[in-house]
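A quick write-up on the structure given underneath.
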Protein chains: 2
Amino acid sequence: MARAGLTAERLTQAAAELADEVGFENVTVSALARHFGVKDASLYSHIRNAHDLRVRLAVLALAELAERVAAAIAGRSGKDALVAFAQAYRTYAHEHPGRYTATQMALDPDTAATSAAAKHAEMTRAILRGYDLWEPDQTDAVRLLHSTFHGYVSLERAGAFHSHPRGVEASWLRSLDALDSLLRSWPTD
Amino acid sequence: MARAGLTAERLTQAAAELADEVGFENVTVSALARHFGVKDASLYSHIRNAHDLRVRLAVLALAELAERVAAAIAGRSGKDALVAFAQAYRTYAHEHPGRYTATQMALDPDTAATSAAAKHAEMTRAILRGYDLWEPDQTDAVRLLHSTFHGYVSLERAGAFHSHPRGVEASWLRSLDALDSLLRSWPTD
DNA sequence: TAGGCTTGCCTAGAGGTCCTAGGCAAATAA
DNA sequence: TTATTTGCCTAGGACCTCTAGGCAAGCCTA
C-alpha cells in the first residue's frame, strides 16, 4: 500500500486551495481527507484538530498577504504607496476569498505575534512615512486605514453594496483619494 | 405531556440570546432544542433548516441595530449625528457580539431588500445631510463610513489592535474626528 | 360534552463531521 | 538484517442535521 506522503505543509496548502473554492467555513478535516484519498483519522498525526488546521491556514494567508503588500509598496511613497497597498490588499481578498476570510480568524496572542499579522501594522506604518504624522496619530491612522480596507472588502463580499447602482470600483478609488486627503490634513485636536 | 409552545419568533429570540453567549457559529438546532427541553426534530416544523434559523437571526439583529442607530441620530446633525451613529453601532456590536456577527451573513437579495439592511444605507445618508455632499460623492462617503465602522468593530473583536498599547477607545474617537474632518472637506477630484 | 381535525412534539433512523485508541506495515536507522 | 519510527488504517463514540411517520393535546363544531 503506497503512502500518500502527507505533511502539515501539504495539508495547509491544500486547505488554502479548498478554502478559495468552497469557502473557509467549509474547510473540514473530512473534505481534506477526501481530497487526498485518505481516511479522516489519518490527518490527525499531522494536525492536532480542525481548529489547528484553520489556524495554520490563517497563518499561511497572512504571510501571503503581507508578501503581496510588501512587494506592492516597495519603492513607493505617499499616495502612490497608499493606493498600491490598498489595491494589493483588495486584490488578494478577491483572488483568494477563502484565504482572506482565514486572515480574520481570532488568533491567540502567541500565534499572532509569530505570524505575519504584526508585519501588517508595520507596513501600514511605513506608508505613513510619506505623510506628516507622528505618534499617537500614527497608530490611530494605521487603525483607521486597516479598518477601512478590511471593512470595504468584507462588506463588498457580503453584498452590502449591491443595493445601489454606483460602481463599487469607482467608489473604492474615490475613497482612496479621500483617505489620502485625510492623511495629508490629519486634524490635530 | 405539556407542550413547549414553540414558535418561529420564540426560537429566533432564543437563538439571538444563545448567539451572544456562545457565538454565532455555535447557534445550532440541537443547542436550541436543548434550551427548550425538546428534541431536535421538533424544531423543524417551525424553521426550515439550520440556515433558515440563522437568516431569521440575522434579520432580527439588523432590525435591532437599525432601531438603535435611528434612535441615536434622531434630532442630531453634522458631527453630533456622525458620532452618535458610530457609537450606537459599535456599542451594539459590543453588547451583542453574536447578533452582530449575524448581521454580516450574506443574505439573498430578496431577504436583504425586505430586511432592515436597506435602512442602514438610508440612515448613513441622513447623516450626510449635515455635510455638503451630493451624488455620487454621497454614495462613496456612505460606503466609506459603513466600511470603517464595520472594519473597526470587526478587527477590534478579532484582537487585531491588541499588539499596540495605545487605547482602542482613544483611537476610535480620534478616527471619528478624522472622518468628520474628511466629510467637511471631501476632495472634489 | 363528544366527536373530529389540526398541529405540536415525539421516536426512529440515515448521513455527515470531529476525534481517540490501538494495529499493521512501510520507510528509515542501527 | 533487524529494530525503530512513522504513516495510514480500522473501529467506534459523540454530536449535529434533517426526513418520515406516529400519537396525543388542544381546538373546533354539533
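Just so it is clear: chains get the letters A, B, ... in the order the sequence lines come, proteins before strands, and each one is counted from 1.
Side-chain nitrogen and oxygen atoms of Ser42(A) include at least one within less than 4.0 Å of the OP1 or OP2 phosphate oxygen of dC9(D). For His46(B) and dC9(C), the shortest distance from a side-chain N or O to OP1 or OP2 is below 4.0 Å. Phosphate proximity of dT17(C) to Arg34(A): present, with a side-chain N or O under 4.0 Å from OP1 or OP2. Residue Ser30(A) places at least one side-chain N or O closer than 4.0 Å to OP1 or OP2 of dC18(C).
Residue Ala31(A) is classed as having no contact, given no heavy-atom separation below 4.0 Å to the nucleic acid.
Remark: aromatic rings of Tyr100(B) and His96(B) are distant, center separation not under 6.0 Å. Ring centers of Trp172(A) and Tyr152(A): under 6.0 Å apart, within the cut-off.
We find that NZ of Lys39(B) is positioned 14 Å from P of dC9(C), with the value rounded to whole Å. In this entry the distance linking CZ of Phe36(A) with C1' of dC9(D) reads 17 Å, nearest Å. Rounded to an integer number of Å, the gap from CD1 of Ile47(A) to P of dG7(D) is 14 Å. Residue Arg10(A) contributes atom CZ, which lies 13 Å from atom P of dG7(D) at whole-angstrom precision. Atom CG in Leu18(B) sits about 11 Å away from atom P in dC16(D), given to the nearest Å. Atoms CG (Asp52(B)) and C1' (dT17(D)) sit 14 Å apart, rounded to a whole Å.
Pair check for dA25(D) finds dT6(C); Watson-Crick or G-U wobble, both atom distances under 3.5 Å. Nucleotide dC16(D) forms a pair with dG15(C), judged by Watson-Crick or G-U wobble geometry with both contacts under 3.5 Å.
Between Glu156(B) and Arg90(B) there is a salt bridge, with a side-chain nitrogen of the basic residue lying less than 4.0 Å from a carboxylate oxygen of the acidic one. With respect to Asp177(A) and Lys79(A), a salt bridge is recorded, a charged nitrogen being found less than 4.0 Å from a carboxylate O.
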